[in-house]
Amino acid sequence: MPKALDTVFLDHALDVALQAAREAGALIATHFERGVEVEIKPDASPVTIADREAEDAIRARLLGAFPDHAIYGEERGRTGTSEFLWLVDPLDGTKSFVRGTPFFSTQIALMHAGELVLGVSHAPLYGETMWARRGGGAFLDGKRVQVADTRELKDASLSFGNIKSLTKDAQRWSATGALIREVNRVRGYGDFCHYHLLARGGLDIVIESDVNILDIAALAVIVREAGGVFTDLDGAELTLDTTSVLAAATPELQAQLRQRLPEVSQ
């Protein structure tokens with residue numbers, strides 16, 4: 001049987017994750033100022049020394065506090081076996097980082113027995129840190145935040161992230177176009193930014209079709225603890241294999257989105 005988690009443990013784990021994220025952020029900021037060489041990984045995505053050093057710093061901090069926990073990191077892969085699994089993307093937004101744009105962040109989440117229970121999203125150059133743990137609410141730089149009370153698509157602001165795969169199916173793309181016509185306004189903030197905005201009431205819907213769990217695990221906890229709904233595009237719970245997002249400020253919005261995007265379930 002998995003261990004029951006109490007608030008003392010969760011608050012301690014959150015504190016350790018915040019320390020790890022800030023240490024990583026300081027390393028990343030230093031490399032951002034100096035500039036770095038870029039390598040291309042086998043999946044054609046870029047990686048830098050900043051990614052690797054940041055993940056190593058995070059791993060050292062997490063394992064120093066929780067030596068029996070497992071870690072799944074973007075650069076170093078998965079190590080350890082435990083009902084506690086830390087999900088780490090040390091530098092989410094490397095493409096922005098290498099182009100001198102501050103839309104990058106460090107993402108750290110904790111999954112316990114398959115359930116996401118805490119998350120930290122630290123954007124050092126953008127100047128925001130958000131965090132949340134199960135049952136404790138969501139916070140932006142120490143101030144509690146909550147989603148907007150938007151319940152109708154006609155009043156909603158929608159932000160798209162990575163949606164290239166949505167264009168591969170004509171029905172899905174058509175449904176997305178119809179949704180664009182129905183909402184109040186459309187933007188494309190991307191990366192951590194639109195999830196931060198969603199959690200603090202700055203927009204109402206986020207849709208992405210090309211992500212991995214390391215990109216979004218911490219952000220899912222933050223949005224949920226701020227009162228929002230966060231699933232994949234089929235309305236399913238997040239798992240290690242999740243590749244899409246349908247996030248909304250209210251259950252009413254989420255229900256309307258699911259009605260208008262039936263093709264993604266097929």
Side-chain angles (χ1 to χ4, degrees), residues 107 109 111 114-119 121 128 130-140 143-163 165-167 169 171-211 213 215-239 241-266:
Q107 299 290 319
M111 179 177 277
E115 177 190 1
L116 292 168
V117 296
L118 71 79
S121 175
E128 286 189 0
M130 296 194 81
W131 64 85
R133 58 94 168 151
R134 187 181 66 188
F139 294 83
L140 168 61
K143 181 179 179 180
R144 190 159 183 166
V145 295
Q146 64 182 32
V147 295
D149 190 33
T150 307
R151 304 184 183 211
E152 299 291 337
L153 287 174
K154 65 181 179 60
D155 302 318
S157 294
L158 161 65
S159 179
F160 286 110
N162 295 322
I163 57 170
S165 65
L166 283 180
T167 68
D169 184 288
Q171 287 184 314
R172 292 181 178 185
W173 193 234
S174 177
T176 303
L179 179 62
I180 289 171
R181 291 190 295 272
E182 195 168 354
V183 298
N184 183 267
R185 62 187 293 181
V186 176
R187 293 292 184 268
Y189 295 103
D191 295 312
F192 71 89
C193 188
H194 49 194
Y195 297 107
H196 282 205
L197 288 167
L198 176 59
R200 69 174 188 234
L203 60 84
D204 308 296
I205 302 165
V206 175
I207 291 176
E208 299 202 71
S209 63
D210 303 280
V211 297
I213 190 62
D215 300 328
I216 58 170
L219 296 159
V221 180
I222 291 165
V223 169
R224 288 168 175 172
E225 286 296 323
V229 184
F230 201 114
T231 69
D232 72 4
L233 276 169
D234 294 333
E237 182 53 77
L238 305 186
T239 71
D241 297 320
T242 294
T243 59
S244 65
V245 172
L246 184 64
T250 61
E252 291 87 350
L253 272 183
Q254 184 84 350
Q256 293 169 63
L257 291 165
R258 292 290 299 118
Q259 291 173 356
R260 286 157 177 78
L261 296 172
E263 294 83 7
V264 293
S265 297
Q266 299 174 2

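The model shown is predicted, which means the values in this text are computed figures rather than measured ones. Side chains included, hydrogens not; waters and symmetry mates left out as well; all remaining heavy atoms used.
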(request) Taking the side chain as every heavy atom from C-beta outward, state whether Gln107 and Asp215 have any atom pair closer than 4.5 Å. (result) no
(request) Indicate yes or no: at least one non-hydrogen side-chain atom of Arg134 is less than 4.5 angstrom from one of Arg224. (result) no
(request) Supply the atom-to-atom distance Leu219 CG to Cys193 SG, rounded to the nearest 0.5 angstrom. (result) 10.5 Å
Compile the donor-acceptor pairs under 3.5 Å between side chains in residues 244-253 and protein atoms, sequence neighbours left out, one pair per line.
| from | atom 1 | to | atom 2 | distance (Å) |
| --- | --- | --- | --- | --- |
| Ser244 | OG | Leu233 | N | 3.0 |
| Thr250 | OG1 | Thr150 | O | 2.7 |
| Thr250 | OG1 | Leu253 | N | 3.2 |
| Glu252 | OE2 | Arg151 | NH1 | 3.3 |

(request) Could you pull out the closest heavy-atom pair between Asp232 and Asp234, with the gap in Å? (result) OD1-N, 2.9 Å
(message) Using 0.5 Å steps for rounding, measure from the CG atom of Leu261 to the CG atom of Leu166.
(response) 8.0 Å
(request) For the residue pair Leu153 and Leu179, establish whether any side-chain heavy-atom pair is separated by less than 4.5 Å. (result) yes
(message) According to side chain to side chain donor-acceptor pair (under 3.5 Å), who are the partners of Asp155, at least two apart in sequence or on a separate chain?
(response) none
(message) For a quick test of reading the model, state the closest non-hydrogen atom pair linking Glu208 to Ile163 and the distance between them.
(response) CA-CG2, 4.2 Å
(message) So which atom in His194 and which in Ser159 form the shortest heavy-atom distance, rounded to 0.1 Å?
(response) ND1-OG, 2.8 Å
(message) Does any part of the side chain of Gln254, heavy atoms only, come nearer than 4.5 Å to the side chain of Thr231, both counted from C-beta?
(response) yes
(message) Holding to ring pair (Phe, Tyr, Trp, His ring centres under 6.0 Å), I want the full list of residues that pass it with Phe192, two or more places apart in sequence or in another chain.
(response) Tyr126, His196
(message) Is there a side-chain contact between Val206 and Tyr189 in this structure, where contact means two heavy atoms from C-beta onward sitting under 4.5 Å apart?
(response) no
(request) Could you tell me whether the side chain of Met130 reaches within less than 4.5 Å of the side chain of Val145, counting heavy atoms only? (result) yes
(request) Rounded to the nearest 0.5 Å, what's the gap from CZ on Phe230 to CG on Leu198? Could you check? (result) 8.5 Å
(message) Tell me the closest heavy-atom pair linking Lys154 and Asn184, and the distance in Å.
(response) O-CB, 3.2 Å
(message) Please determine whether side chain to side chain contact (heavy atoms under 4.5 Å, CB included) holds for the pair Tyr195 and Ile222, giving the CA-CA distance in whole Å, both sets of side-chain angles, and the decisive distance to 0.1 Å.
(response) CA-CA 8 Å; Tyr195 297 107; Ile222 291 165; over 6 Å; no
(request) Given side chain to side chain contact (heavy atoms under 4.5 Å, CB included), test Ile207 with Thr176 step by step and report yes or no. (result) CA-CA 10 Å; Ile207 291 176; Thr176 303; 5.9 Å; no
(request) Measure across Leu116 and Ala109 and return the closest heavy-atom pair with its distance rounded to 0.1 Å. (result) CD2-CB, 4.4 Å
